[in-house]
Structures are given as structure tokens and as C-alpha cells.
Amino acid sequence: MLEAAAPADKIALSRDAAAAWRSGALAAVGEAAPPDRPARPVRPLLLPPRDMPRRRAGGSHAHRIALLHAIAHIELNAIDLAWDLVARFAGEDLPRAFFDDWVAVAAEEAKHHALLALRLAALGAAYGDLPAHDGLWEAAQATAHDLLARLAVCRWCSKRAAST
């Protein structure tokens with residue numbers, strides 16, 4: 001999943017891996033060396049957070065697209081955060097239920113991104129049409145060797161998506 005750049009591929013791989021995990025076909029978390037950075041699509045253009053255009057409140061067509069695009073970006077990052085957490089911390093002495101939860105999170109975030117992509121398409125837009133920032137992944141890189149700090153980033157990500 002982390003090597004897949006296209007969101008549709010990331011979604012399909014996430015669904016397949018989660019189904020294999022739930023069925024027992026993927027029975028254990030092995031030792032893994034996740035990439036420093038997950039593969040990303042060519043678009044959206046990633047800007048520093050300070051350079052992102054401000055979203056203003058409003059119900060216009062453009063505002064709805066901008067809001068949905070921002071949430072889709074958070075969801076795509078959340079897929080990678082969940083799989084990276086599973087791979088990166090596989091060597092920790094953690095119960096299977098911990099990994100059950102994060103595999104489920106990855107599958108849910110994939111579902112959310114797919115639904116948002118459909119809604120964007122219905123509005124005549126697509127994920128990648130607008131710029132986005134890389135702040136979530138920068139936080140993930142900063143917490144790459146600290147499980148508790150990474151869990152805090154993942155918690156922040158879920159709260160941010162819920163409040164956007």
C-alpha cells in the first residue's frame with residue numbers, strides 16, 4: 001500500500017489486505033521496513049502549510065470542492081499513516097488486536113477516500129485538482145521511532161478530519 005502512488009491502487013490494495021487480514025489469510029505482522037515516505041500521485045501539488053490558500057466559509061460550488069478536496073487529502077494520508085504504523089511498529093510487543101484495529105482504520109480511510117473521490121467527480125472535480133500540504137506526513141516522519149508520539153499524530157488526524 002505504501003508503494004502505491006495512485007489513490008485507486010492504494011484503496012484496492014488496502015481493501016484486499018484488510019480482507020486477507022480479517023480472514024486469517026494474512027495471519028501475522030512480519031518484520032517490515034516501510035519506506036521513509038509513501039508513494040504519492042503526481043497531483044496534488046504539495047505546498048508548505050503556510051503557502052496554502054485559505055479556505056473561507058461559504059456554500060459555493062468552489063468552496064464545497066475545496067472542503068471535500070481537503071478532507072480527501074486527509075483521508076489519503078490517514079491510509080498511509082495506518083499502514084505505516086502497522087509496518088513500522090510490527091516488531092513491538094503488541095497484541096494482535098492492536099493491529100486488527102489499525103488494519104480496520106486503513107480500510108475505513110480507503111473507503112472514505114473513495115467516497116470523497118466519487119463526490120468530487122459528481123461536482124466536476126478530482127482529487128489532485130487543488131494544492132495540498134504535507135504536514136501530516138512531516139509529523140509522521142518526526143514520530144517514526146516513537147509509537148506513542150505516532151499514535152498522537154494518528155489521533156490528531158482523525159480529529160482533524162472530523163472537524164473539517
Side-chain angles (χ1 to χ4, degrees), residues 1-15 17 32-90 92 101-164:
M1 284 65 62
L2 296 170
E3 287 91 17
D9 294 341
K10 202 173 285 284
I11 289 165
L13 289 167
S14 293
R15 287 178 178 160
D36 290 335
R37 177 177 188 73
R40 288 280 182 243
V42 174
R43 295 177 40 226
L45 172 66
L46 295 178
L47 301 173
R50 69 179 178 283
D51 294 343
M52 286 294 298
R54 291 278 177 213
R55 285 193 317 264
R56 292 182 172 31
S60 74
H61 185 75
H63 288 140
R64 283 193 295 276
I65 289 171
L67 177 62
L68 290 171
H69 191 277
I71 297 169
H73 186 66
I74 292 168
E75 298 295 345
L76 190 68
N77 273 281
I79 297 167
D80 288 330
L81 283 167
W83 287 121
D84 183 82
L85 189 142
V86 168
R88 188 168 303 280
F89 299 103
E92 301 286 324
D101 289 346
W102 286 104
V103 168
V105 166
E108 282 292 313
E109 304 302 3
K111 177 182 168 184
H112 298 162
H113 184 84
L115 291 170
L116 288 161
L118 287 173
R119 183 64 184 138
L120 283 167
L123 294 172
Y127 176 70
D129 286 352
L130 300 173
H133 69 77
D134 207 25
L136 285 175
W137 197 256
E138 290 169 3
Q141 288 176 311
T143 60
H145 303 292
D146 184 339
L147 176 60
L148 291 178
R150 174 59 67 82
L151 291 172
V153 168
C154 291
R155 176 72 175 141
W156 180 88
C157 180
S158 65
K159 283 185 159 200
R160 177 79 174 149
S163 70
T164 302

To the nearest 0.5 Å, what is the distance between [atom1] ([X]) and [atom2] ([Y])?
{"X": "Arg150", "Y": "Leu85", "atom1": "CZ", "atom2": "CG", "answer": "6.0 Å"}
{"X": "Trp102", "Y": "Asp84", "atom1": "CH2", "atom2": "CG", "answer": "11.0 Å"}
{"X": "Thr143", "Y": "Leu81", "atom1": "OG1", "atom2": "CG", "answer": "8.0 Å"}
{"X": "His113", "Y": "Leu118", "atom1": "NE2", "atom2": "CG", "answer": "10.0 Å"}
{"X": "Leu151", "Y": "Asp146", "atom1": "CG", "atom2": "CG", "answer": "9.0 Å"}
{"X": "Asp80", "Y": "Lys10", "atom1": "CG", "atom2": "NZ", "answer": "3.5 Å"}

Heavy-atom side-chain proximity of Leu2 to Arg88 below 4.5 angstrom: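 Not in contact.
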4.5 Å side-chain heavy-atom contact, Glu109 and Val105: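 They are in contact (side-chain heavy atoms under 4.5 Å apart), so the answer is yes.
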What closest approach, in Å, do [X] and [Y] show between heavy atoms, and which atom pair accounts for it?
{"X": "His145", "Y": "Phe89", "answer": "C-CE2, 4.4 Å"}
{"X": "Leu76", "Y": "Pro7", "answer": "CD1-CB, 4.1 Å"}
{"X": "His69", "Y": "Leu130", "answer": "CE1-O, 3.0 Å"}
{"X": "Ile65", "Y": "Leu120", "answer": "O-CD2, 3.8 Å"}
{"X": "Ala4", "Y": "Leu13", "answer": "CB-CD1, 3.8 Å"}
{"X": "Ile79", "Y": "Ala106", "answer": "CG1-O, 4.2 Å"}

Sequence-distant partners of Asp9, side-chain hydrogen bond (donor to acceptor under 3.5 Å, both in side chains), two or more places apart: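 For Asp9, no residue satisfies side-chain hydrogen bond (donor to acceptor under 3.5 Å, both in side chains) once neighbours in sequence are set aside.
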Test side-chain hydrogen bond (donor to acceptor under 3.5 Å, both in side chains) applied to His73 - qualifying residues, sequence neighbours left out: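 His73 satisfies side-chain hydrogen bond (donor to acceptor under 3.5 Å, both in side chains) with Asn77, Tyr127 only.
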Residues that [X] engages under side chain to side chain contact (heavy atoms under 4.5 Å, CB included), provided they are two or more places apart:
{"X": "Pro49", "answer": "His133"}
{"X": "Ala117", "answer": "none"}
{"X": "Ala114", "answer": "Ile11, Arg15"}
{"X": "Asp36", "answer": "none"}

Stepwise side-chain contact (heavy atoms from CB on, under 4.5 Å) test for Ile71 and Arg119: CA-CA 12 Å; Ile71 297 169; Arg119 183 64 184 138; over 6 Å; no
